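Working notes, structure below.
If you're wondering where the values come from, they're calculated on a predicted model, not measured in any experiment. Protein chains get the first letters and strands the later ones, always in sequence-line order, with residue 1 at the start of each.
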Amino acid sequence: MEWIQQLVNGISLGSIYALIALGYTMVYGIIKLINFAHGEVFMIGAFVGFYAIRGLGLGLFPALLLAMLVCASLGVIIERIAYKRLRHATRIAALTTAIGVSLFIQYVTIYFRGAQPEGYPDVFPSANFKIFGVSISSQSIFILVVSILLMIMLQFIVHRTKIGKAMRAVSHDAEAAQLMGINVDNTISATFAIGSALAGAAGVIFGVYYGKIEPLMGIMPGLKAFIAAVLGGIGIIPGAMVGGLLLGVVETFVSAAGYSMWRDAVAFIILILILLFKPTGLFGKNMREKV
Amino acid sequence: MKNTKGFWGFLIFAFAFYGISQLLMVMNIIPYHYVNTMVFIAINIILAVSLHIVIGVTGQFSLGHAGFLAIGAYVSAIMTMKLQLPFFVALFVGGTIAALAGLVVGIPSLRLKGDYLAIATLGFGEIIRIMFLNIDYVGGAAGMQVSHLTTWTYAFVCLVITIVVIVNLTNSSHGRACISIREDEIAADAMGINTTYYKVAAFTLGSFFAGVAGGLYAHNFYIIQPGNFGFIKSIDILIFVVLGGLGSMSGAVIAAILLTVVSTFLQGYAETRMIIYSLVLIIVMLYRPQGLMGTSEITSWFKKKGGKSNDNRTTA
């Protein structure tokens, strides 16, 4: 039964990755930019949740909502200030700016509150459920329920609403979408807002699950989530979910097998293998390069 | 003709500069901690130039340069500390092993382009770091003791060799092939340039000099740890190239000098330094995506470089 237990842990970790990966994949799908600052949005989400619970005395769900709201605005602000000018710039310029924004958010946070980690308040009743001899913590269930709900909401937004339709159109062909009367700028902002809100939610549930947050916590989960997005096929929403879950499970099993020091290396090896053998990801289709 | 003239001019200038600086050091006019800063500047210039050949000349966005720095550092440290070899042998072996690693990493990953290459090299850099973290022979996370062997002479000679090799390479037909890849890879391919060969060659050469810099870096401190060679270190090197100008070697050199001096002054304020770095990165990219110098410089290169170095000597 040991491995089922690990599977549950892996899925919990994986759903955090999946939530962050969704933001990467949506942004990449729409403006072809690796938003390096996305991991920092996740970190800010965790801190907003923390201060909302500690400072404002909010409950878990209001804090979650507040974190999502703050992160959504942060995502839009980042896009408006840093990325908008660079839509037609070279890839190197865009990527360098994204790295700059990521460093900026990290070190401004450290500047204002210091680099010391913070223990997350114990807001969620800790209990273990026994199901078929497997003990599952209430936190795992909470993570799973919240992420599934958010993913269903995202699917609904993307496939059933007007803004979702606009997002799909812009990601398919921004110029043609503009000719059809879609406001491309607003659509891109909406994409950033939704992706960042998901990262903010991931930050709060990360804090609840692991109980510790710090200003540099966004780097590794951010990179891992990016790997998850590439694994599933960057730009493809279901791909990000599957990639995230897969990566979380693989990582948990590597740790459980006693190689926890190599956990991060395994994620990068997966990334490199995917890039070398199937750069479009598991769900991607091959596209010919336009000259 | 003009090129050879510039070449000899540069060598004479370099040796004059070295002679004067050495004289000042012997006469104790330059205090010891300034010498250390100068060594550090030289190491950073080597790193900047070695990344410049990959990003600036060939246009391949690599985010894993700290990995090759780490290989050079650890291999040369093993050579001197465990095998008792002389320092210059250690530097050379460190560079060679880093070049081999660059070759191994380069052949598969340079089939990728743009963002994907950046992420793959980032991944390789992290894997190298995690490897050193897990090898007990080199001390794991606690790090490895290294004796202080890097002198101003070593640093300066390596610096001059690096600059001479890379300038000559950039001005050769191979260099022009690399530049054509930077400008338009598909067009270069169509013109019959073996793009993979040149990309891998540039990557390997860049790794070699990063490895040499790693050797100097390791023997400039008393301890090396895997944590010194993380993603942030790659970014530090990247900033030199990006700020100076993608495609301008003197730009990379000047940026390396300036930023090393700035970060020496801000040593006690690590957060402030990173905030300034990131702001500079964002603002330069937003308003001058080609970097401060762009690709322009080559004509008045030696004059500019001389002026800057002199300025630096008096301030540093």
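Of all the listed residues (A:F226, A:W262, A:Y111), the one sharing the greatest number of non-hydrogen pairs under 4.5 Å with chain B is A:W262. The choice from B:I275, B:I235, B:V242, B:L281 that makes the most heavy-atom pairs within less than 4.5 Å of chain A is B:I275. Taking chain A as the reference chain and counting heavy-atom pairs below 4.5 Å, the highest number among B:M285, B:Q290, B:R129, B:E271 is found for B:M285. Interface check for chain A: of the options B:I119, B:L133, B:L279, the most heavy-atom pairs under 4.5 Å are formed by B:I119. The candidate from A:L271, A:L275, A:V266, A:L223 with the greatest count of non-hydrogen atom pairs under 4.5 Å with chain B is A:L275.
Taking a cutoff of 4.0 Å between a charged side-chain nitrogen and a carboxylate oxygen, A:D185 and A:R80 do not qualify as a salt bridge.
Classification of the B:Y116-A:Y28 ring pair by plane angle, with boundaries at 30° and 60°, yields tilted.
Defined by atom type and a distance below 3.5 Å, a donor-acceptor pair is present between the side-chain atoms of B:N44 and B:T260. When only modelled atom types and interatomic distance are considered, B:H65 and B:S50 share a side-chain donor-acceptor pair under 3.5 Å.
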When you look at A:F42 and A:I16, which way does the side-chain contact (heavy atoms from CB on, under 4.5 Å) test go after all the steps? CA-CA 10 Å; A:F42 160 79; A:I16 293 179; 4.2 Å; yes
Evaluate the criterion side-chain contact (heavy atoms from CB on, under 4.5 Å) for residue pair A:T252 and A:Q6; output intermediate values, then yes/no. CA-CA 7 Å; A:T252 312; A:Q6 294 300 343; 3.3 Å; yes
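Interface remark: A:F112 contributes no atoms to any contact with chain B (heavy atom separation under 4.5 Å). At a 4.5 Å heavy-atom cutoff, the contact between A:I269 and chain B is made by backbone and side-chain atoms alike. Using a 4.5 Å cut-off between heavy atoms, A:L86 touches chain B through its side chain atoms alone. Looking at B:I283, neither its backbone nor its side chain comes within 4.5 Å of chain A, counting heavy atoms on both sides. Both the backbone and the side chain of A:T97 come within contact range of chain B, judged by heavy atoms closer than 4.5 Å. Contacts between B:L246 and chain A at a heavy-atom distance below 4.5 Å involve the side chain alone, from C-beta outward. Heavy-atom distances place the side chain of B:A118, and not its backbone, under 4.5 Å from chain A. With a threshold of 4.5 angstrom between heavy atoms, A:L276 approaches chain B through its backbone and through its side chain.
Stacking of A:R87 on the aromatic ring of A:Y83 is not recorded, the 6.0 Å distance cut-off and the 45° axial limit not both being met.
When each of B:F124, B:F203, B:Y74 is checked for a ring pair (Phe, Tyr, Trp, His ring centres under 6.0 Å) with B:F68, only B:F203 meets the rule.
Between A:I78 and A:A37, the shortest heavy-atom distance links the atoms CD1-CB, 4.4 Å.
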